[in-house]
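Beneath this line is the structure, given in structure tokens, with notes to follow.
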Number of protein chains: 2
Amino acid sequence: MVLHLFSMMSKRCKYALKALIKLGANYEKGNLFTADIANSENIPKKFLEQILLDLKNAGYLGSKSGYGGGYYLRKSPKEITVADIYRLFDGAIALLPCVAVQFYEKCEDCTDEGTCTMRREFNKISEQTRLVMQKTTIQSFLKKPK
Amino acid sequence: MVLHLFSMMSKRCKYALKALIKLGANYEKGNLFTADIANSENIPKKFLEQILLDLKNAGYLGSKSGYGGGYYLRKSPKEITVADIYRLFDGAIALLPCVAVQFYEKCEDCTDEGTCTMRREFNKISEQTRLVMQKTTIQSFLKKPK
DNA sequence: TAGATACTCTACTAATTAGGTAGAATTACT
DNA sequence: AGTAATTCTACCTAATTAGTAGAGTATCTA
């Protein structure tokens with residue numbers, strides 16, 4: 001380690017969430033242009049285009065082409081969790097492949113999963129992260145602070 | 001996302017923890033050879049050498065060169081947390097740079113941290129992960145299941 | 001129906017990181 | 001002296017990230 005910030009959310013995922021929050025604030029009030037989201041959120045427009053397309057293909061967004069077009073949220077902000085979006089862009093919510101729920105893979109160096117204490121403890125750790133990410137929704141970001 | 005496992009612990013970090021657990025089981029009972037740890041944990045020996053050296057330089061291990069040498073744990077297994085080792089090899093325990101405790105960095109696209117709801121919510125998420133990683137120690141891995 | 005606007009799709013690229021390998025130097029015991 | 005083990009530096013390859021570029025398609029307005 002020299003001095004960097006590994007293992008964080010990718011920018012794709014972060015930008016996706018920011019766009020969803022913006023679109024969530026406009027839920028059931030019409031479309032937003034990619035360009036407007038890009039400007040207000042400081043996201044490179046061509047990069048955002050790809051991300052919005054991914055979100056559309058995954059069913060979160062609808063779109064209209066041409067003049068007066070744009071994107072809109074198809075699901076309620078309450079139904080979209082951070083866990084869903086994270087899994088879509090960044091993959092497993094887990095620190096070891098063998099404790100992932102949606103993207104399970106055996107560890108290459110593991111000889112017995114049943115007795116592996118790495119697996120036991122990291123399952124606990126990843127479980128906590130999953131719980132919080134599952135209960136945090138786009139709606140959570142829209143709430144005013146108390 | 002095609003189908004990969006991002007954002008997990010690096011192998012460096014995983015191997016470091018496995019080595020610490022092995023050395024922890026031998027705490028205050030003498031040295032272990034790099035070669036023996038590499039064999040029993042299925043870790044490439046030359047790669048493990050670097051990792052053990054990092055752990056030594058960080059103060060977790062002591063070593064003896066030459067015939068009958070090897071590595072031993074300098075701290076109690078109870079005092080070494082997963083959070084410490086993760087930070088040493090993989091950096092920040094946080095999903096956004098702006099919510100990191102030990103490796104804080106401003107997000108480039110952020111205009112006002114005070115009102116940023118991404119920061120507010122991801123701080124909650126990362127806080128949970130940190131808490132669990134801080135209370136999980138090398139000793140936790142050594143305990144038998146109940 | 002021409003033109004403007006905005007999404008759609010595919011391909012490419014540069015920088016960084018992960019996960020190692022290689023080999024020489026040093027230390028210490030027998 | 002020889003052997004066993006750590007120490008240290010340099011290097012390598014493949015994959016991934018964070019974009020950019022540009023052509024194509026759909027849709028509205030004048």
Side-chain angles (χ1 to χ4, degrees), chain A residues 1-16 18-19 23 30-39 41-58 60-72 74 89-92 95-97 107-109, chain B residues 1-16 18-19 23 30-39 41-58 61-72 74 86 89-92 97 107-109:
Chain A
M1 255 269 301
V2 186
L3 178 57
H4 20 220
L5 304 159
F6 294 131
S7 58
M8 296 191 166
M9 194 176 359
S10 69
K11 294 216 171 174
R12 272 192 144 73
C13 186
K14 180 186 182 180
Y15 294 161
K18 289 182 77 173
L23 289 161
N31 313 321
L32 294 180
F33 300 144
T34 305
D36 288 343
I37 300 172
N39 283 337
E41 302 303 322
N42 288 313
I43 303 170
K45 189 196 159 203
K46 290 295 279 179
F47 194 27
L48 182 60
E49 280 180 8
Q50 293 179 359
I51 294 164
L52 294 178
L53 205 50
D54 286 343
L55 287 171
K56 185 195 167 183
N57 292 333
Y60 296 104
L61 303 183
S63 70
K64 269 189 71 178
S65 284
Y67 187 95
Y71 285 99
Y72 57 93
R74 294 189 61 183
F89 290 95
D90 288 356
L95 289 170
L96 291 178
C107 292
E108 297 160 25
D109 53 311
Chain B
M1 255 269 301
V2 186
L3 178 57
H4 19 219
L5 304 158
F6 295 130
S7 57
M8 298 191 165
M9 194 176 1
S10 69
K11 294 214 171 178
R12 273 191 143 74
C13 186
K14 179 187 183 181
Y15 293 161
K18 289 181 78 171
L23 288 160
N31 313 320
L32 294 180
F33 301 144
T34 304
D36 288 342
I37 300 172
N39 283 337
E41 303 303 323
N42 288 313
I43 303 170
K45 190 196 159 201
K46 291 293 280 179
F47 194 28
L48 182 59
E49 280 180 10
Q50 293 178 359
I51 294 164
L52 294 178
L53 204 50
D54 286 343
L55 286 170
K56 185 196 166 181
N57 292 334
L61 303 183
S63 70
K64 271 187 68 179
S65 284
Y67 187 93
Y71 285 99
Y72 56 93
R74 293 189 61 184
Y86 190 88
F89 290 95
D90 288 356
C107 292
E108 295 160 24
D109 54 312

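- For the OP1/OP2 pair of D:dT16 and a distance below 4.0 Å, the side-chain nitrogens and oxygens of A:S10 include no atom meeting the criterion.
- The OH atom of B:Y15 sits 8 Å away from the P atom of C:dG19 (whole-angstrom rounding).
- B:Y71 pairs by the ring-ring contact (aromatic ring centres under 6.0 Å, His included) definition with nothing, not counting sequence neighbours.
- A:K18 has a carboxylate O that lies under 4.0 Å from a charged side-chain N of B:D109, or vice versa, which qualifies the two as a salt bridge.
- One atom, CG of A:N57, and another, P of C:dC9, lie 7 Å apart when rounded to the nearest Å.
- In this structure, A:F33 reaches the sugar-phosphate backbone alone: every heavy-atom distance under 4.0 Å involves primed, P, OP1 or OP2 atoms, never a base.
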Between the protein and nucleotides 27-30 of chain C, list every N/O to N/O distance that falls short of 3.5 Å.
residue : atom : partner : partner atom : Å
C:dT27  : O2   : B:G66   : N            : 3.4

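- Rounding to whole angstrom units, CE of residue A:M8 and C1' of D:dT16 are separated by 17 Å.
- In this structure, the side chain of B:N39 engages the main chain of B:A35 through a donor-acceptor pair within 3.5 Å.
- For B:K56, a side-chain nitrogen or oxygen approaches OP1 or OP2 of D:dT7 to under 4.0 Å.
- Nearest-nucleotide mapping onto DNA chain C: of B:F47 and A:T34, the residue sitting toward the 5' end is A:T34.
- Taking atom CG of A:L52 as the reference point, atom C1' of C:dA6 lies 12 Å away to the nearest angstrom.
- The CG atom of A:L61 sits 11 Å away from the P atom of C:dC7 (whole-angstrom rounding).
- We find that A:K14 and A:E41 are not joined by a salt bridge, their nearest charged nitrogen and carboxylate oxygen being 4.0 Å or further apart.
- A:Y15 is listed as a side-chain neighbour of A:P44, based on a closest heavy-atom distance under 4.5 Å.
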Give me, pair by pair, the N or O atoms of the protein and of nucleotides 22-24 of chain C that are less than 3.5 Å apart, along with how far apart they are.
residue : atom : partner : partner atom : Å
C:dG23  : N7   : B:K46   : NZ           : 3.3
C:dG23  : O6   : B:K46   : NZ           : 2.4

